[in-house]
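Contents: one structure, followed by commentary.
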Amino acid sequence: MNLQITTPFATPFGFARHPAPSSLNAELRRLFLEKEKDPSSANAKATMQVTKDLFESRFDLFNWPEPCVRELREFCWRHLHHFVSTLHGQEATTLSRIIGHADAWFHVTRQHGYFGLHNHPMASWSGVYCVDSGCNGEEPEKGGLLSFPHPNLAAAMFKDAANSKLRIPYGYQSREYFLNPGDLLLFPSWVSHQVTPFFGDSPRITVAFNAWFTFSQ
């Protein structure tokens with residue numbers, strides 16, 4: 001049968017991994033746990049309720065002078081530029097006239113911490129980098145999954161035997177990701193997402209950023 005299946009409304013996600021994250025993550029972990037104790041490092045203008053089991057920093061992380069932060073910033077920007085260039089079907093030099101801007105922050109999540117469903121208005125691309133999963137190899141059993149409900153909330157308005165068990169990427173199920181230390185996940189900022197309750201014994205530490213671009217003059 002001559003039948004072609006297409007995905008006209010696909011949503012692109014990007015995955016990358018730092019080639020040698022141990023040293024970088026150790027420095028970031030030490031820095032972030034120290035900053036967690038400093039009230040001036042906390043985000044004083046949170047747009048969502050932050051529970052007592054989760055610390056959210058100010059959004060100026062990528063401006064910090066520490067070498068480990070500069071290394072992480074360069075890693076994230078390099079992969080985001082490659083991601084965007086690939087999606088445009090153009091080399092990075094073709095997009096050299098655009099200037100990137102970003103808000104960036106870190107989260108320290110302890111037992112029972114979570115982050116509710118949200119997205120990031122006024123940005124085009126977002127990313128999450130894992131510094132420490134806090135799970136000591138136990139992975140999803142300890143929670144802390146980065147969860148993306150299906151973006152079309154009306155897609156599952158009717159289910160029957162012919163559409164209830166469609167395989168990914170066609171199914172209506174949420175996409176959930178367990179991030180290991182050194183993992184970077186990129187996605188469109190409009191996609192709603194959440195972090196499921198975390199039950200690890202060690203802190204779960206992640207860096208998040210929102211990026212937007214303007215044309216240079």
Side-chain angles (χ1 to χ4, degrees), residues 13-46 50-84 92 100-115 120 123 125-146 177-187 189 193 195-196 198-212:
F13 278 42
F15 298 88
R17 178 162 178 79
H18 195 287
S22 296
S23 177
L24 170 63
N25 287 347
E27 293 181 35
L28 290 170
R29 187 180 193 277
R30 186 163 47 249
L31 173 65
F32 294 160
L33 291 179
E34 178 183 336
K35 292 292 186 180
E36 181 190 18
K37 302 173 185 176
D38 181 1
S40 68
S41 297
N43 180 13
K45 299 180 179 180
V50 177
T51 68
K52 64 181 179 61
D53 305 303
L54 184 144
F55 176 88
E56 181 175 83
S57 77
R58 302 191 315 261
F59 278 22
D60 61 350
L61 175 61
F62 279 176
N63 295 329
W64 292 12
E66 288 82 0
C68 58
V69 173
R70 293 201 303 268
E71 180 182 344
L72 176 63
R73 180 182 61 207
E74 194 277 333
F75 171 80
C76 293
W77 272 120
R78 184 172 71 252
H79 284 84
L80 179 58
H81 274 278
H82 179 67
F83 180 54
V84 172
H101 313 269
D103 288 331
W105 62 98
F106 70 85
H107 279 166
V108 177
T109 308
R110 300 182 183 274
Q111 278 194 346
H112 309 294
Y114 65 91
F115 208 83
H120 298 283
W125 299 103
S126 296
V128 177
Y129 176 84
C130 181
V131 175
D132 190 335
S133 69
C135 290
N136 298 319
E138 296 178 84
E139 300 194 351
E141 289 79 1
K142 293 294 186 179
L145 301 177
L146 186 55
Y177 301 98
F178 176 83
L179 299 183
N180 286 294
D183 287 347
L184 172 66
L185 174 60
L186 304 169
F187 55 94
S189 299
H193 53 285
V195 176
T196 64
F198 174 68
F199 302 104
D201 296 324
S202 299
R204 177 184 182 269
I205 304 175
T206 56
V207 169
F209 61 90
N210 296 326
W212 62 98

Pair Arg70-Glu74, side-chain contact (heavy atoms from CB on, under 4.5 Å): steps then yes or no: CA-CA 6 Å; Arg70 293 201 303 268; Glu74 194 277 333; over 6 Å; no
Criterion side-chain contact (heavy atoms from CB on, under 4.5 Å) on Tyr129 and His18, from CA distance to verdict: CA-CA 10 Å; Tyr129 176 84; His18 195 287; 4.1 Å; yes
Trace of the side-chain contact (heavy atoms from CB on, under 4.5 Å) decision for Leu28 with Leu72: CA-CA 9 Å; Leu28 290 170; Leu72 176 63; 4.0 Å; yes
Stepwise side-chain contact (heavy atoms from CB on, under 4.5 Å) check, Leu61 with Phe32: CA-CA 10 Å; Leu61 175 61; Phe32 294 160; 3.8 Å; yes
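Surrounding CZ of Phe59 are more than 12 heavy atoms belonging to other residues, nucleotides or ligands, all under 6.0 Å away.
Between Arg110 and Glu36, at least one side-chain nitrogen of the basic residue sits less than 4.0 Å from a carboxylate oxygen of the acidic one, meeting the salt-bridge criterion. Under a 4.0 Å N-O distance rule, the pair Glu34/Arg30 does not qualify as a salt bridge.
Between Asn180 and Arg17 there is a side-chain heavy-atom pair separated by less than 4.5 Å. Residues Phe62 and Cys76 have side chains in contact (heavy-atom distance under 4.5 Å, counting atoms from C-beta outward). Looking at Phe106 and Val131, their side chains never come closer than 4.5 Å, going by heavy atoms from C-beta outward. Side-chain contact between Phe178 and Asp183 is absent, with no heavy atoms from C-beta onward closer than 4.5 Å. Contact annotation: the side chain of Pro203 never approaches that of Phe55 to less than 4.5 Å [non-hydrogen atoms, C-beta and beyond]. Side-chain contact check for Asn43 versus Trp105: every heavy-atom pair is 4.5 Å or farther apart.
Rounding to the nearest 0.5 angstrom, the gap separating the CZ atom in Phe115 from the CG atom in Leu146 is 11.5 Å. The NZ atom of Lys142 lies 7.0 Å from the CD atom of Gln111; values are rounded to the nearest 0.5 Å. Taken to the nearest 0.5 Å, the CG atom of Asp132 stands 6.5 Å off from the OG atom of Ser202. Rounded to the nearest 0.5 angstrom, Thr206 OG1 and Leu179 CG are separated by 8.0 Å. Residue Leu33 holds its CG atom at 4.0 Å from CD1 of Ile205, rounded to the nearest 0.5 Å. Here His82 contributes atom NE2 and Leu186 contributes atom CG; the two are 10.5 Å apart, rounded to the nearest 0.5 Å.
Side-chain N or O atoms of Arg204 include none that pairs as donor or acceptor with a backbone N or O of Phe198 at under 3.5 Å.
Taking the six-membered ring for Trp and the full ring otherwise, His79 and Phe75 have centroids separated by under 6.0 Å.
Trp77 and Ala102 get closest at one heavy-atom pair: CZ2-CB, 3.6 Å. In terms of heavy-atom proximity, Ala123 sits nearest to Ser189 at O-CB, 3.4 Å. When every heavy atom of Pro181 is checked against every heavy atom of Pro21, the shortest pair comes out as O-CG, 4.0 Å. The two residues Leu54 and Tyr114 come nearest to each other via the heavy atoms CD1-O, 3.5 Å. A pairwise comparison of heavy atoms in Glu27 and Cys68 identifies OE1-CB, 3.6 Å as the closest pair. Among all heavy-atom pairs drawn from Phe209 and Ala104, the shortest one is CB-CB, 3.9 Å.
Residues His120 and His193 have side chains that bring a donor and an acceptor to within less than 3.5 angstrom of each other. Defined by atom type and a distance below 3.5 Å, a donor-acceptor pair is missing between the side-chain atoms of Ser57 and Ser41.
Contacts of Asp53 classified as salt bridge (Lys or Arg N to Asp or Glu O under 4.0 Å), with partners at least two apart in sequence or in another chain: none. Scored by the ring-ring contact (aromatic ring centres under 6.0 Å, His included) test, His112 finds Phe199 as partners (sequence neighbours excluded). In terms of the salt bridge (Lys or Arg N to Asp or Glu O under 4.0 Å) criterion, Asp103 has no residue partners (sequence neighbours excluded).
Ring pair Tyr177/Phe15 is tilted by interplanar angle, where 30° to 60° counts as tilted.
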